[in-house]
Participant: 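Let me give you the structure first, and then I'll get to my questions.
None of these values were measured; they are calculated from a predicted model. Throughout, a chain's letter reflects where its sequence line sits, starting with A, and its residues are numbered from 1.
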Protein chains: 2
Amino acid sequence: METTSKEKSYRQSRQRKRILEVLSSTTVHPTADWIYRRLKKEFPRLSMGTVYRNLNILIDQGWVSKIHFGSTFDRFEARVEPHTHLICERCGSITDLNMSFEKGITEKARKLTGFDIRRHRIEFFGICQKCLVKNRSPKKREKNDGNE
Amino acid sequence: METTSKEKSYRQSRQRKRILEVLSSTTVHPTADWIYRRLKKEFPRLSMGTVYRNLNILIDQGWVSKIHFGSTFDRFEARVEPHTHLICERCGSITDLNMSFEKGITEKARKLTGFDIRRHRIEFFGICQKCLVKNRSPKKREKNDGNE
DNA sequence: TTCCATGCAAACTTTTTGCATTCAT
DNA sequence: ATGAATGCAAAAAGTTTGCATGGAA
């Protein structure tokens with residue numbers, strides 16, 4: 001296995017290898033704890049620290065993605081009808097957007113899946129105008145909770 | 001202000017009223033802590049407990065939505081190319097879906113916003129087939145981390 | 001007068017981190 | 001030999017909850 005990471009140098013480890021294998025062989029989008037329990041038999045001294053550390057490394061290497069991604073804080077808004085969010089990965093700001101493609105999307109998904117679909121969420125991730133202007137090197141992302 | 005909630009009976013409270021007003025008057029999608037700090041001057045004895053309790057009530061009443069919604073756990077997958085998730089609000093299961101409408105969506109958003117858009121996320125929320133079959137009354141959602 | 005909401009603090013859940021040790025290179 | 005990865009435990013971060021008191025209906 002080779003990494004796609006540019007900066008850091010990672011060694012191989014049996015735990016990380018297995019974490020990726022387990023994750024690759026399931027469709028259930030598990031939690032870290034599920035992976036931990038799954039591999040605990042194999043590595044009786046495995047710890048959650050190792051699982052989390054390796055998941056983050058695998059994400060950094062581009063092998064894994066995290067589903068609830070973005071801020072570590074919940075964010076709230078007084079708007080309940082479906083709309084689209086633009087999330088800046090540099091400053092964390094969230095802005096609203098109305099796009100016409102939202103129309104009919106639910107019906108289409110309903111037909112395809114048999115799901116009783118009640119709502120959807122569409123989010124775009126990238127770099128916002130403001131951050132593009134201050135064209136700095138990508139630093140550690142500041143937490144933006146709207147308090148600029 | 002009247003509630004749209006069916007079951008519970010809520011009274012009015014100055015704190016809750018102001019939380020909704022503050023949330024309605026901003027576009028920054030704040031964190032609970034932002035709201036807390038914003039209202040602390042007005043209610044010097046305000047506590048985070050009250051903010052969270054009221055946000056949950058407002059969500060229950062349908063006035064507010066939470067952005068990072070779904071499981072309280074992060075979920076992981078060994079799939080990094082963009083695709084769509086179907087999230088069951090009853091059992092928490094997450095399944096993948098490929099839909100053609102994803103094509104071109106990024107380009108469209110880029111033109112509209114000036115964002116440097118790197119990726120997007122589309123999620124549908126509803127009730128999955130399995131849960132529709134066991135047609136039970138909507139109970140407290142079980143945490144599904146793939147360990148059925 | 002009832003019982004929902006508050007403030008406060010403690011508890012809880014999930015994730016991260018410090019440190020000594022182990023292991024891959 | 002070097003320093004990345006591990007296991008363990010403690011800490012951090014975000015959210016929820018128990019309880020006595022206060023306040024809306």
Participant: Can you tell me the distance, in whole Å, between the CG atom of B:D33 and the P atom of D:dG14?
Facilitator: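 These atoms are roughly 8 Å apart.
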
Participant: Rounded to the nearest angstrom, tell me the gap between atom CZ in A:R45 and atom P in D:dA5.
Facilitator: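 It works out to 19 Å between those atoms.
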
Participant: Distance-only, no hydrogens or angles: does the A:N54 side chain make a donor-acceptor pair with backbone N or O of A:T50 under 3.5 Å?
Facilitator: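 Flag set: sc A:N54 to bb A:T50 pair under 3.5 Å.
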
Participant: With sequence neighbours excluded, what pairs up with A:Q129 under the side-chain contact (heavy atoms from CB on, under 4.5 Å) test?
Facilitator: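 Scan of A:Q129 (side-chain contact (heavy atoms from CB on, under 4.5 Å), adjacent residues dropped) gives none.
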
Participant: Heavy-atom distance under 4.5 Å between the side chains of B:L39 and B:V22, does that happen here?
Facilitator: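 They are in side-chain contact.
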
Participant: Given atom OH of A:Y36 and atom C1' of C:dT16, what is their separation to the nearest angstrom?
Facilitator: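 Rounded to the whole Å, the gap is 16 Å.
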
Participant: Assess the residue pair B:I122 and A:E123 against the criterion (side chain to side chain contact (heavy atoms under 4.5 Å, CB included)); give the C-alpha distance rounded to whole Å, side-chain angles, the decisive distance to 0.1 Å, and a yes or no.
Facilitator: CA-CA 6 Å; B:I122 303 180; A:E123 291 166 339; over 6 Å; no

Participant: For a 4.5 angstrom cut-off between non-hydrogen side-chain atoms, does B:V28 reach B:W34?
Facilitator: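 Counting from C-beta outward, B:V28 and B:W34 do come under 4.5 Å.
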
Participant: So, is the end of the A:R119 side chain (NZ or CZ) under 6.0 Å from the ring centre of B:F125 and within 45° of the ring's axis?
Facilitator: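 Yes - A:R119 lies over the ring of B:F125, closer than 6.0 Å to its centre and within 45° of its axis.
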
Participant: Which nucleotides of nucleotides 17-25 of chain C have their base under 4.0 Å from a protein heavy atom (B), which only their sugar-phosphate (S), and which neither (-), written as one string 5' to 3'?
Facilitator: BB-----BS

Participant: Take atom CZ of A:R75 and atom C1' of D:dA13, then tell me their distance rounded to the nearest Å.
Facilitator: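 Going from A:R75 (CZ) to D:dA13 (C1'), I get 16 Å.
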
Participant: Please state how far atom CG in A:L55 lies from atom P in D:dT6, giving the value in whole angstrom units.
Facilitator: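 It works out to 11 Å between those atoms.
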
Participant: Please report, rounded to the nearest Å, how far the C1' atom of D:dT16 is from the CG atom of B:N54.
Facilitator: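 B:N54 atom CG is separated from D:dT16 atom C1' by 14 Å.
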
Participant: Find the distance B:L46:CG to C:dA5:P and express it as a whole number of Å.
Facilitator: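 Computing the B:L46:CG to C:dA5:P distance gives 15 Å.
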
Participant: Quick one, A:F76 and B:H29 - any side-chain contact, counting heavy atoms below 4.5 Å?
Facilitator: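 No; the side chains remain at least 4.5 Å from each other.
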
Participant: Rounded to whole Å, please give me the gap between CG in B:N56 and C1' in C:dC4.
Facilitator: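 Going from CG in B:N56 over to C1' in C:dC4 covers 16 Å.
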
Participant: Taking for each residue the nucleotide of DNA chain C bearing the nearest heavy atom, is the 5' side occupied by B:F76 or by B:P44?
Facilitator: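 Result of the comparison: B:P44.
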
Participant: So does B:Q15 get a side-chain nitrogen or oxygen closer than 4.0 Å to the phosphate oxygens (OP1/OP2) of D:dG23?
Facilitator: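 B:Q15 to D:dG23 OP1/OP2: no side-chain N or O under 4.0 Å.
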
Participant: With a 4.0 Å limit, can you tell me whether A:R16 has a side-chain N or O closer than that to the phosphate oxygens OP1/OP2 of D:dA5?
Facilitator: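 Yes, A:R16 has a side-chain N/O under 4.0 Å of OP1/OP2 on D:dA5.
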
